[in-house]
Structures are given as structure tokens and as C-alpha cells.
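It should be emphasised that the depicted structure is a prediction, and the values quoted were computed from it without experimental measurement.
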Amino acid sequence: MKKLDFNQAIGVYTIDLEHSKDINPSILLVGETNKLKKDELNELNDQNTSITLLNGKKESIKFNAENIKWQIYDPKLLEEGFSVRLIFSNILDLKESLLDNLAIEHEDNKKIKKNISPIYLQFYSGKQNGLSIMESPFAPKNKIEIGKKYSYAYKILDSNKIITNDIRSEIIYPDEAREFIEIISVNISRDEYSEDQIKEEFKDSVDEKKLENIAVYEVLCTYIIKKREHIVFQPEIKLFFDQKEQSLAPFEPIVFSNFKE
């Protein structure tokens, strides 16, 4: 455990409480290792090791071994990096959205406590009306230069064509995260190319009327990274259309960890 450094600078995670009744949500933490081998990290998945996240208000949430998945991170994105996925079994009792301490308890009852950078949890109750995220990036396409504008995109599938006109979008995240990342602009537009690809791929297996009823939108986010730190970012995507609004959450966070020298 001494070889694991949970050194992400900030983590923003958005959880759909409504969908979480059927699918357990999770958060992904990243960090760096001190020459930890892949086999050593894989051993953690076979051990009875628990992780507890805590805050100053003495709230805590514990993840047992079966709800913890350790992995070596892609070395192209983070050299000697690791990730750990924590799968929630119950989040309804958690009132505070900020967690900043972590305790790892090994099967031999050895406990290691670590102060970690803030983890912010955002909650919303989604509607099951055919709107969903179909593509969500897990890392920028290129290395990042501090202070320079870049963009990434989410793809949204509207399987019932409930969006008809005047659509706009906002990216919701804590003000505290703006010290590290700032979304400069958000533009949403129809993606007819992706629609055509879906119709072609599923033309022999899905009813033609259903395929004609789909629409795809691209949410293009322009952003600036302000600090050379590991940032894990899974914001709330809020859509406004036809005098309605709806929130969605990316199924994976985008991790900013690969910077230009």
C-alpha cells in the first residue's frame, strides 16, 4: 500500500439517483505508483481489502472487496499510474457531497489512513424517457498545455425524438473545481452522421420505425486546464429544450493527466 499515491488533485463525480436503483454507480480514483508491478496490483483484487471514504463531519461510506476494482492505468496517459473503481452499494445515507479522507483496511486488520484531495459528489434524479449518453471520452485526444483552449464532446442519443427545438446545454460542476478546470463554452448540435451510422448498423435487427425515430446530438465542451495536476471530471450535463430541462451524467469521467513537457 505504501507504493500507492492517491494524488489526483480533484475529483468531480455525478450520480443519477434514479438509475442507481437498478445499476450500482461507481467512482474512479486515479493515482501514481512507486514502481508497482501489475501482478502486485492484481493481487489487491484477490485480497479482502476494504476502502472507506470519509469527511470532516464524520460521515463515511465503506466499500468492501467485492466492490473495489484495482487496475494499472494506461501508461500512455499516466506513467506508472493506477486506478481504483469504487462501486456504491448504498449512497442514500450520504448527506455531505465532499469527501477528503481515505482509509484502506487490509485483511490482516492493518489500516492505512490517507488525506486525499477533495472528492465532490453531485446527485440528481434522471428521467427514463429515451435520452442517454452514448459516447463519453475518458481522456483528451492529445497532451494538454496549461492555459490553452481545448475541446471534447459527449454524444447524446434521443431514442424517442423528445427534443424538438430550442435546445441548449450547460455543464454543471462545483465552483471549487474551477481552480483546476474551467468550461469556457458549451455548444450542442445535431449529429446526423452518427444517426446514419446507427441506422446502417442496426437496419437488419431493429424495427425501421424505431430507427427513424432516433436523433443524436453532440455536446461540444471548450475548456482550459489551469494547473498541471491530475483531474478527474464527471460533470452533470443539463439540457434545456421545449421549456423543459433534464440532467444526464457521463458513464465515465474524463481524466486529465497527460501534459505537454
Side-chain angles (χ1 to χ4, degrees), residues 8 10-30 85 88 91 97-98 118-141 144 149-195 197-198 214-226 231-256:
Q8 67 181 49
I10 193 168
V12 175
Y13 306 91
T14 302
I15 296 170
D16 182 354
L17 293 174
E18 192 66 30
H19 290 184
S20 299
K21 295 176 182 177
D22 304 314
I23 302 173
N24 289 341
S26 66
I27 63 175
L28 188 74
L29 306 183
V30 302
R85 184 174 298 280
F88 289 92
I91 57 177
S97 61
L98 171 64
I119 292 172
Y120 293 93
L121 304 180
Q122 301 185 139
F123 302 102
Y124 74 97
S125 293
K127 302 173 184 177
Q128 304 211 17
N129 55 6
L131 282 179
S132 61
I133 306 291
M134 62 176 279
E135 286 185 18
S136 176
F138 62 88
K141 292 181 179 179
I144 297 294
K149 289 183 181 180
Y150 295 91
S151 62
Y152 72 89
Y154 300 109
K155 296 288 182 72
I156 295 175
L157 176 65
D158 179 3
S159 59
N160 295 322
K161 267 193 181 172
I162 66 168
I163 299 174
T164 56
N165 54 45
D166 298 328
I167 184 171
R168 65 183 180 87
S169 180
E170 292 181 5
I171 300 298
I172 309 298
Y173 58 103
D175 287 340
E176 292 83 352
R178 298 177 193 275
E179 180 183 346
F180 301 91
I181 177 173
E182 184 170 359
I183 302 297
I184 303 300
S185 64
V186 182
N187 294 296
I188 184 167
S189 59
R190 189 79 173 264
D191 185 352
E192 294 182 352
Y193 176 76
S194 292
E195 291 174 16
Q197 283 187 313
I198 292 172
I214 68 168
V216 177
Y217 293 86
E218 180 183 77
V219 179
L220 186 67
C221 305
T222 302
Y223 67 93
I224 289 176
I225 297 297
K226 298 180 177 180
I231 301 166
V232 184
F233 193 63
Q234 189 178 15
E236 175 185 348
I237 303 169
K238 184 160 284 190
L239 304 176
F240 302 88
F241 57 94
D242 302 331
Q243 298 183 336
K244 304 173 186 175
E245 62 179 67
Q246 180 168 343
S247 293
L248 295 170
F251 46 82
E252 283 289 324
I254 181 170
V255 180
F256 300 94

Full working for side-chain contact (heavy atoms from CB on, under 4.5 Å) between Leu29 and Gln8: CA-CA 7 Å; Leu29 306 183; Gln8 67 181 49; 3.9 Å; yes
Identified side chain to side chain donor-acceptor pair (under 3.5 Å) counterpart of Thr14 within the set Glu236, Gln122, Gln234: Gln122
Close side-chain approach of Ser132 to Leu248, heavy-atom, < 4.5 Å: no
Stepwise side-chain contact (heavy atoms from CB on, under 4.5 Å) check, Val186 with Leu220: CA-CA 6 Å; Val186 182; Leu220 186 67; over 6 Å; no
Min side-chain heavy-atom separation Glu245-Leu239 under 4.5 Å: no
Note, Phe241 side chain near Asp166 side chain (heavy atom, < 4.5 Å): no
Tyr223 and Phe256 aromatic centres sub-6.0 Å: yes
Phe138, CZ: over 12 other non-hydrogen atoms inside 6.0 angstrom: no
Beyond-backbone contact of Leu131 with Ile162, side-chain heavy atoms, under 4.5 angstrom: yes
Ser247 vs Phe123 side-chain heavy atoms within contact, under 4.5 Å: no
Test log, rule side-chain contact (heavy atoms from CB on, under 4.5 Å), inputs Ile119 and Ile10: CA-CA 6 Å; Ile119 292 172; Ile10 193 168; over 6 Å; no
Salt bridge (charged side-chain N to carboxylate O under 4.0 Å, His left out) partners for Glu182, two or more places apart: Lys226
Backbone of Ile184 reached by a side-chain donor or acceptor of Thr222 within 3.5 Å: no
Interatomic distance, Tyr217 atom OH to Met134 atom CE [nearest 0.5 angstrom]: 13.5 Å
Side chains of Ile156 and Val216 in contact at under 4.5 Å (non-hydrogen atoms): no
Side chain to side chain, Pro137 and Tyr152, heavy atoms closer than 4.5 Å: yes
Exam field: side chain Ser159 to backbone Gly130, donor-acceptor pair closer than 3.5 Å: yes
Check: Glu218/Asn187 side-chain N/O donor and acceptor closer than 3.5 Å: no
Partners meeting side chain to side chain donor-acceptor pair (under 3.5 Å) with Ser194 (sequence neighbours left out): Lys155, Asp191
Rounded distance [0.5 Å steps], CD1 in Ile231 versus CZ in Phe180: 7.0 Å
Closest non-hydrogen atom pair between Tyr154 and Ser136, with its separation: CE2-OG, 3.6 Å
Heavy atoms from other residues, nucleotides or ligands near NZ of Lys244 exceed 12 (cutoff 6.0 Å): no
Smallest separation among heavy atoms of Phe251 and Ile133, with atom names: CE2-O, 3.6 Å
Donor-acceptor under 3.5 Å (Tyr13 side chain, Val232 main chain): no
Side chain to side chain, Leu121 and Ile27, heavy atoms closer than 4.5 Å: yes
Shortest non-hydrogen contact from Arg85 toward Ser26: NH1-OG, 3.0 Å
Atom pair CD1/CD1 of Ile224 and Ile144 - distance to nearest 0.5 Å: 11.0 Å
Please list every donor-acceptor pair under 3.5 Å in which a side-chain atom of residues 167-174 meets a protein atom from a residue at least two apart or in another chain.
{"unit_1": "Arg168", "atom_1": "NH1", "unit_2": "Glu170", "atom_2": "OE2", "d": "3.1"}
{"unit_1": "Ser169", "atom_1": "OG", "unit_2": "Lys238", "atom_2": "O", "d": "3.2"}
{"unit_1": "Tyr173", "atom_1": "OH", "unit_2": "Arg178", "atom_2": "NH1", "d": "2.8"}
{"unit_1": "Tyr173", "atom_1": "OH", "unit_2": "Ile183", "atom_2": "N", "d": "2.9"}

